[in-house]
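Order of listing sets the numbers, starting from 1, for every ligand and every atom in it.
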Amino acid sequence: MIRNGHAELAPERDGSRRTVRVWCDGCYDMVHYGHSNQLRQARAMGDYLIVGVHTDEEISRHKGPPVFTQEERYKMVRAIKWVDEIVPGAPYVTTLDTLDKYNCDFCVHGNDITLTVDGKDTYEEVKQAGRYRECQRTQGVSTTDLVGRMLLMTKTHHTVDPRGHSPWTGVSQFLQTSQKIMQFASGKEPAPGDTIIYVAGAFDLFHIGHIDFLDKVHSLAPKPYVIVGLHFDQEVNHYKRKNYPIMNIHERTLSVLACRYVSEVVIGAPYSVTADLLDHFKVDLVCHGKTEVLPDRDGSDPYAEPKSRGIFQTINSENNLTTDDIVQRIIKNRLEYEARNQKKEAKELAVFEAQQRRGKILEEQHN
Ligand code: CTP
Ligand code: C5P
């Protein structure tokens, strides 16, 4: 029950504890492991997580045009393993009416500020009612930062920068820890009767093409155990060139682990699927999508071994999106995105400075 605007973990009449329903909302544009980590923390604060995702129109009005369409963003959020339900087209400002409509006890947001187009805190009402909780924002990643990395990449291959860019320029300073991997991992070993399916790739900027592919792979068996082999950054850079991957191996690990269709990740998988690897993981099936399979450095087919064992299958994800397409979208709308980023930062800075000033005044009054 919710009394006086406060969520309580009230017992039911039969003594059992009532389900705590948690609400999160946001743009969830270019969903990354920062978003997944927020949803993981929010889910741990209750028993059932509902995520409201804003429409393109709302985001354009308050923040600037999103990179992904609403349908794409809904699909991305739905694929995160801690999400129980999504609400498409949730309002930008979170109200008590919304929390009540979906029977949620409280809402959870990262410890950063979200402002409307008029500079108002979008969580003011729920904060005042005591139905707001905060989780730790993940340092080192944001949509704004990812857009920046892509824009940086576009600059490096159109002009020759006198300072000379390393191919890793723009790769985030996110620091991976064993704790974070444990939090994201399923922690489950394959059970007897599971079909062990292995897929490999870059899975850079983990997107809906990857999700559609993994969804199809996952539905191949009644009890699937999907292992994703991630190629190291140097390997990806070798075959993708330019400044790829946009996300480093640590970031790609978390993005893939957050997906509900994935059971395990190999961090730094060999480019060719070897006999050792197949035997070690007792792999029943190896899959690849419809995208081109480039030969290994010695010209051999990386899937020769699973093919010779008769356990290789090509999967049609029915989705043509690639990491390059995402980068192209950003390049096309470069000026709009740059303006959007500058606006967001300026708005946040103004609020931050106002908060500092308010804090100083209060301190002076207190002394
Ligand atoms: N979030 C987080 N860590 C990040 C990025 C986002 O915890 N590195 C959280 C936000 O605090 C919010 C939720 O994810 O609770 C949804 O964020 P969203 O509305 O998509 O936008 P932003 O917070 O602006 O994130 P970004 O800058 O990545 O667009
Ligand atoms: O390109 P990348 O290495 O990230 O792809 C990983 C896997 O996802 C590959 O098997 C690829 O064919 C598949 N994929 C797909 N449909 C897409 C994008 C990738 O099936 N749109």
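In this structure, of His54, Arg40, His109, Arg73, the residue bringing a heavy atom nearest to atom 15 (O) of ligand 1 is His109. When Gln136, His62, Gln38 are ranked by how near their heavy atoms come to atom 9 (C) of ligand 1, first place goes to Gln38. For atom 18 (C) of ligand 2, the nearest non-hydrogen atom from the set Thr322, Thr323, Leu321 belongs to Leu321. Proximity annotation for atom 18 (P) of ligand 1: of Pro66, Gly34, Ser36, Cys27, Cys27 comes nearest, heavy atoms only.
Within the listing of ligand 1, atoms 19 (O) sit less than 4.0 angstrom from a heavy atom of Gly26. Close contacts between ligand 2 and Gly201 involve ligand atoms 3 (O) [criterion: under 4.0 Å to a heavy atom]. Interface atoms of ligand 1 facing Tyr28, defined by a heavy-atom separation under 4.0 Å, are 13 (C), 16 (C), 20 (O). Below 4.0 Å from some heavy atom of Asn319 lie the following atoms of ligand 2, by number and element: 16 (N), 17 (C), 21 (N).
Ion pair Asp105/Arg133 not flagged as a salt bridge, since none of the NZ, NE, NH1 or NH2 atoms sits closer than 4.0 Å to an Asp/Glu carboxylate oxygen. Between Asp215 and Arg260, no side-chain nitrogen of the basic residue sits less than 4.0 Å from a carboxylate oxygen of the acidic one, so the salt-bridge criterion is not met. We find that Asp121 and Lys127 are joined by a salt bridge, their nearest charged nitrogen and carboxylate oxygen being less than 4.0 Å apart.
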Worked verdict on Arg329 versus Phe68 for side-chain contact (heavy atoms from CB on, under 4.5 Å) | CA-CA 9 Å; Arg329 280 193 206 186; Phe68 283 90; 3.7 Å; yes

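Of the protein's non-hydrogen atoms, the one nearest atom 11 (O) of ligand 1 is Asp112 OD1, 2.7 Å. In this structure, the protein non-hydrogen atom closest to atom 8 (O) of ligand 2 is Phe213 CD2, 3.3 Å. When hydrogens are left out, the protein atom nearest atom 19 (C) of ligand 2 is His210 CD2, 3.9 Å; that is the closest non-hydrogen contact. Among protein heavy atoms, the minimum distance from atom 28 (O) of ligand 1 is reached at Thr143 N, 2.6 Å. The nearest heavy-atom contact from the protein to atom 21 (O) of ligand 1 is Lys63 NZ, 3.5 Å. What sits closest to atom 23 (O) of ligand 1 on the protein, heavy atoms only, is Arg137 NH1, 3.0 Å. Shortest contact from atom 10 (O) of ligand 2 to any protein heavy atom: Gly289 N, 2.9 Å. Here the protein heavy atom with the shortest distance to atom 27 (O) of ligand 1 is Lys344 NZ, 3.1 Å. Protein heavy atom nearest atom 15 (C) of ligand 2, with residue, atom name and distance: Ser317 OG, 3.5 Å. Taking atom 9 (C) of ligand 2 as the reference point, the nearest protein heavy-atom neighbour is His288 CE1, 3.7 Å. The protein heavy-atom contact nearest to atom 8 (N) of ligand 1 is Val141 O, 2.7 Å. Thr291 OG1, 3.1 Å is the protein heavy atom nearest to atom 11 (C) of ligand 2. Protein heavy atom nearest atom 3 (O) of ligand 2, with residue, atom name and distance: Ala202 N, 2.9 Å.
Checked against a 6.0 Å centroid threshold, the rings of His288 and Phe312 do not count as neighbours. Ring to ring, Trp23 and Phe106 are not that close: their centroids are 6.0 angstrom or more apart. A distance below 6.0 Å separates the ring centres of Tyr271 and Tyr239.
Taking CD1 of Ile197 as the reference point, atom CG of Leu220 lies at 5.0 Å (rounded to 0.5 Å). If you take OG on Ser300 and CD on Glu305, they are separated by 11.5 Å, rounding to the nearest 0.5 Å. The CD1 atom of Ile181 sits 8.0 Å away from the NE2 atom of His250 when rounded to the nearest 0.5 Å. Distance check, rounded to the nearest 0.5 Å: NZ of Lys188 to CD of Glu264 gives 12.0 Å. Interatomic distance, CG of Asp301 versus NZ of Lys307, reported as 3.5 Å (0.5 Å rounding). Atom CZ of Phe206 sits about 10.5 Å away from atom OG1 of Thr323, to the nearest 0.5 Å.
Looking at Asp25 next to ligand 1, no N or O pair under 3.5 Å apart turns up.
For Met30, no heavy-atom contact with ligand 1 is shorter than 4.0 Å. Within the 4.0 Å heavy-atom criterion, neither part of Gln139 lies near ligand 1.
Ring planes of His210 and His207: parallel class, angle under 30° (limits at 30 and 60°).
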